Novice: 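Sharing a structure with you now.
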Number of protein chains: 2
Amino acid sequence: MALDLYQLKAFFAVAQTLSYTEASRRLYLTQSAVSHAVAKLGRGVKDELFTRTGNKLALTETGAILYKTCEAVFYELEKAEERIGAVKNKNAGTIRLGATVEFGTTLLVKYLKDFIKSNPGVHVDFQFRHELLRPLLKDELDIIIDCKSHKAEGLEKTPLFREEYAVIASREFVREFRIRRPLDLGGCGILSMDKGGQWWGNFLNALPQAERPELKNITELNHIRAIINAAMEGLGVGFVPRYCVLKELKAKTLVNVFPQLKLLEDNFYVYQKVKRAGLERHRNLVGYLKNIKATQLERA
Amino acid sequence: MALDLYQLKAFFAVAQTLSYTEASRRLYLTQSAVSHAVAKLGRGVKDELFTRTGNKLALTETGAILYKTCEAVFYELEKAEERIGAVKNKNAGTIRLGATVEFGTTLLVKYLKDFIKSNPGVHVDFQFRHELLRPLLKDELDIIIDCKSHKAEGLEKTPLFREEYAVIASREFVREFRIRRPLDLGGCGILSMDKGGQWWGNFLNALPQAERPELKNITELNHIRAIINAAMEGLGVGFVPRYCVLKELKAKTLVNVFPQLKLLEDNFYVYQKVKRAGLERHRNLVGYLKNIKATQLERA
DNA sequence: GAATACTATGAATTATACTAATATGCCGCG
DNA sequence: CGCGGCATATTAGTATAATTCATAGTATTC
C-alpha cells in the first residue's frame with residue numbers, strides 16, 4: 001500500500017477544501033498536480049477517496065480514515081519541525097491568528113508586540129475578519145480570538161477577559177441634548193450597527209423597564225470605527241465596546257455618557273483545534289493571551 | 001524545512017540499527033541510497049542527525065526528536081493501512097511474531113492456525129529464536145512470546161499461562177534403574193541443557209534438602225528436542241517443560257517420572273512495544289493468545 | 001444552448017531518488 | 001607501522017516519479 005506523504009498532502013488539502021482547485025492554490029501547485037496525486041493515492045489504496053454528487057465532493061469511508069491519519073501525521077511533523085527549530089532558536093513555525101476587525105486592528109497588534117519580540121522563531125500572521133469560526137475549522141487559521149461563544153466538535157475554548165460596553169458621545173453633543181439619564185436618549189440621534197435595534201438591545205436590557213428610552217432617530221453604520229468617528233463628529237450617541245474608545249475617552253474627544261451604569265459584558269475567547277493545541281507555539285501564545293487584563297488593555 | 005517521508009524512513013532505519021548498511025538491507029536499498037537520504041534530511045533541518053565516535057553512531061538531540069516523530073508518524077500510517085485493509089477484508093498488515101524455539105515449533109504454530117484462518121487479512125511471520133527481547137526492541141519483531149520476565153522502558157507485558165516442568169524418561173529406563181524417588185537420580189544418566197547444573201537446579205530447588213540427589217553422570221545436549229529424543233532412546237532422564245512432551249506422554253513413549261511432584265512453574269508472557277500496542281492486529285493476536293489455557297495446549 | 005467553473009487525462013518536461021563505482025576513514029592485527 | 005577488512009561518503013549517470021502544459025470532459029448557471 002505504501003502511503004506517500006506528497007499524495008497525502010494533496011489529499012488532505014482537497015479533503016479540507018473539498019475542491020481540487022482551492023487545494024492546488026493552497027499547495028502552490030497546479031490543479032493537475034493535485035488531481036494526479038490524489039488519483040495515485042486512490043490507486044494505491046485500491047479505493048475511491050471521494051464521492052461526487054453533482055459537483056460536490058465528499059469523503060468516502062476510506063477517505064475519512066485517511067483524513068484522520070493526515071491530521072495526526074501532519075501534526076506530528078509540525079511538532080517535530082517546531083521542536084527542531086526551537087533547538088536552534090529560529091524557524092519555530094507560523095501561527096495564523098484571526099481576530100475581529102476592531103479588536104485586532106486596534107489592541108491586538110499592539111499587545112502582541114512583546115510576544116513577537118520574545119518569540120523570535122515564531123512568525124505570526126494576522127487575519128482580521130468578521131467570520132472567524134469557519135476559517136478555523138477549515139484550517140485556514142490556527143487560532144482565533146472571538147467574542148462570540150462557539151460550540152463545535154474538537155474545539156478548545158479558552159476564556160480571556162470580559163469586554164465592557166460604553167455609551168459614548170462628544171462632550172458638546174451631551175451638553176446640547178442635556179443627556180443625563182438613559183431616558184434622555186429618546187430625543188437625540190442614535191448611532192447603531194443595525195436599524196432593527198438588536199445592537200442597542202444589549203444596552204436596553206441592562207436597564208429597568210421604566211428607564212428604557214424609545215430610540216427613534218437611528219443612523220445605521222456598519223462599522224464600529226465609523227460609529228466612533230461619527231460620535232466624535234457630534235452625529236449622535238454610540239454604543240460600543242469600551243476597549244475601542246479608550247484613547248478617545250482619555251483625550252476627552254469622547255465622553256462616557258453613563259459612567260456609573262453597569263452595562264452588558266461579553267467575554268472574549270480564544271479558540272483552537274484540540275488536535276493542534278499541543279503545539280508549543282500555540283500553548284505559548286494562548287498562555288500569553290490569557291494574561292491580558294482589561295487594565296493592561298487600557299494602558300496600551 | 002519540509003520533512004520528507006522517504007528521508008524519514010531511511011533515517012528511522014539507521015537510527016534503529018545504528019548502521020547504514022544494516023538499514024539499507026532492511027529497506028531493500030543500497031547503502032548509498034540510505035546515506036543520500038539521511039544526508040539530505042540533515043541538510044533539510046540544518047543540523048547533524050548522528051554523531052560518530054570511532055565508528056559507532058549515536059543520535060544527536062535533533063536526531064532524537066526526529067526519532068520520536070518517526071515512531072508516531074509511522075505508527076499512524078500503519079494504523080491507517082490496517083484500517084483501510086480491514087474495510088476491504090484483506091491486507092490488514094503483517095505481524096512478525098517471535099517465540100522460543102521449542103514452544104514456537106511445537107505448539108504455537110498449531111495453536112495459531114485458527115487465528116490465521118479467522119484473520120485472513122493479517123499475515124503472520126514467525127521467528128523462533130532464543131534471543132527475543134533485543135530483536136523486539138530493535139523493531140525486528142512486533143510481538144514476542146517469552147518465558148523470561150523482562151523489564152524495559154515502553155514495553156507492554158501480558159501474562160499468558162504457566163508452564164510446568166516434568167522429569168521424563170522412557171519406561172524401560174525407569175524400570176531398569178528403578179527410579180522411584182528423586183534420590184534415585186544419583187545413579188543414572190542425566191540429560192541436561194548445561195553441564196554446570198543450572199538447568200536441573202530448578203528441579204532440585206523444588207525438593208527438600210534431604211531428598212536432593214547428587215547428579216553425577218550428566219550428558220549435555222543444547223536443544224530441548226534433543227533431550228526428549230535422547231530420553232526416548234533410553235539415554236537418561238530429562239527435565240523439560242511439560243508442553244514439549246505432551247504427545248510422548250500420551251503415547252507412552254515417555255513417562256512422567258515423578259507425576260505427583262509439584263515442580264517449578266514459569267510464566268509465559270507476551271511482550272510488545274507500548275507505542276505499537278494500539279494496532280488492531282496486535283490487540284487481536286494478544287487477545288487470542290491470552291485465551292490459551294494449559295488444557296487447550298494439551299489437546300493440541 | 002452558450003458561457004462558466006471545475007476536474008480528469010495524456011504527453012512532455014523537470015526534479016529527484018536510486019545505483020554503481022570509487023574514494024575515504026576507522027579499526028584491529030601481525 | 002602498514003596492511004586488509006569493514007563501514008560510510010562522494011561523484012556521476014540512470015531510472016523513476018512528480019509537475020506542468022494543453023486539452024477534453026462534466027456540471028451548473030443564466
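Letters A, B, ... are given to chains in the order of the sequence lines, protein chains preceding strands, and every chain is numbered from 1. Heavy-atom basis, side chains included; hydrogens, waters and symmetry copies ignored. Quick caveat: nothing in here was measured; it's all calculated off a predicted structure.
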Novice: Has B:Ser35 got a side-chain atom pairing as donor or acceptor with B:Gln31's backbone, closer than 3.5 angstrom?
Specialist: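 No, the answer is negative, given that no donor and acceptor are paired below the 3.5 Å cut-off.
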Novice: Using OP1 and OP2 only, check whether a side-chain N or O of A:Ser35 sits under 4.0 Å from C:dT9.
Specialist: no
Novice: If you walk 5' to 3' along DNA chain D, what is the first nucleotide with an atom under 4.0 Å of a heavy atom in chain A, and what is the last?
Specialist: D:dA17 to D:dT28
Novice: Could you tell me the separation between the NE2 atom of B:His123 and the CD1 atom of B:Ile116, rounded to the nearest 0.5 Å?
Specialist: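 It is 8.5 Å, given to the nearest 0.5 Å.
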Novice: Between the protein and nucleotides 11-16 of chain C, which nitrogen or oxygen pairs come in under 3.5 angstrom?
Specialist:
none

Novice: Using a cut-off of strictly less than 4.0 Å between a heavy atom of the residue and any atom of DNA chain C, enumerate the qualifying residues of residues 20-34 of chain A by number.
Specialist: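 Contacting residues: A:Tyr20, A:Thr21, A:Gln31, A:Ser32.
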Novice: Just distance, no hydrogens or angles: give the donor-acceptor pairs under 3.5 Å from side chains in residues 1-9 of chain B, sequence neighbours left out.
Specialist:
unit_1: B:Asp4; atom_1: OD1; unit_2: B:Tyr6; atom_2: N; d: 2.8
unit_1: B:Asp4; atom_1: OD1; unit_2: B:Gln7; atom_2: N; d: 3.2
unit_1: B:Asp4; atom_1: OD2; unit_2: A:Tyr6; atom_2: OH; d: 2.1
unit_1: B:Tyr6; atom_1: OH; unit_2: A:Asp4; atom_2: OD2; d: 2.3

Novice: Taking B:Trp200 for the side chain and B:Met193 for the main chain, is one N or O donor matched with an acceptor at less than 3.5 Å?
Specialist: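 It does not hold such a pair.
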Novice: Please list, chain by chain and in numerical order, all residues satisfying side chain to side chain donor-acceptor pair (under 3.5 Å) with A:Lys273, sequence neighbours excluded.
Specialist: A:Asp139
Novice: Kindly indicate whether the side chain of B:Leu108, heavy atoms from C-beta on, has any atom under 4.5 Å from the side chain of B:Leu97.
Specialist: yes
Novice: Looking only at heavy atoms, which two atoms of B:Val73 and A:Val73 are closest? And how far apart?
Specialist: CG1-CG1, 3.9 Å
Novice: Is it the case that the side chain of A:Tyr269 and the backbone of A:His150 share a donor-acceptor pair, with hydrogens and angles ignored and the cut-off at 3.5 Å?
Specialist: no
Novice: Judged by atom type as modelled, is there a donor-acceptor pair below 3.5 Å linking the side chain of A:Arg281 to the main-chain atoms of A:Thr94?
Specialist: yes
Novice: Tell me, please, which residues at least two apart from A:Lys157 pass side chain to side chain donor-acceptor pair (under 3.5 Å).
Specialist: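 A:Ser149.
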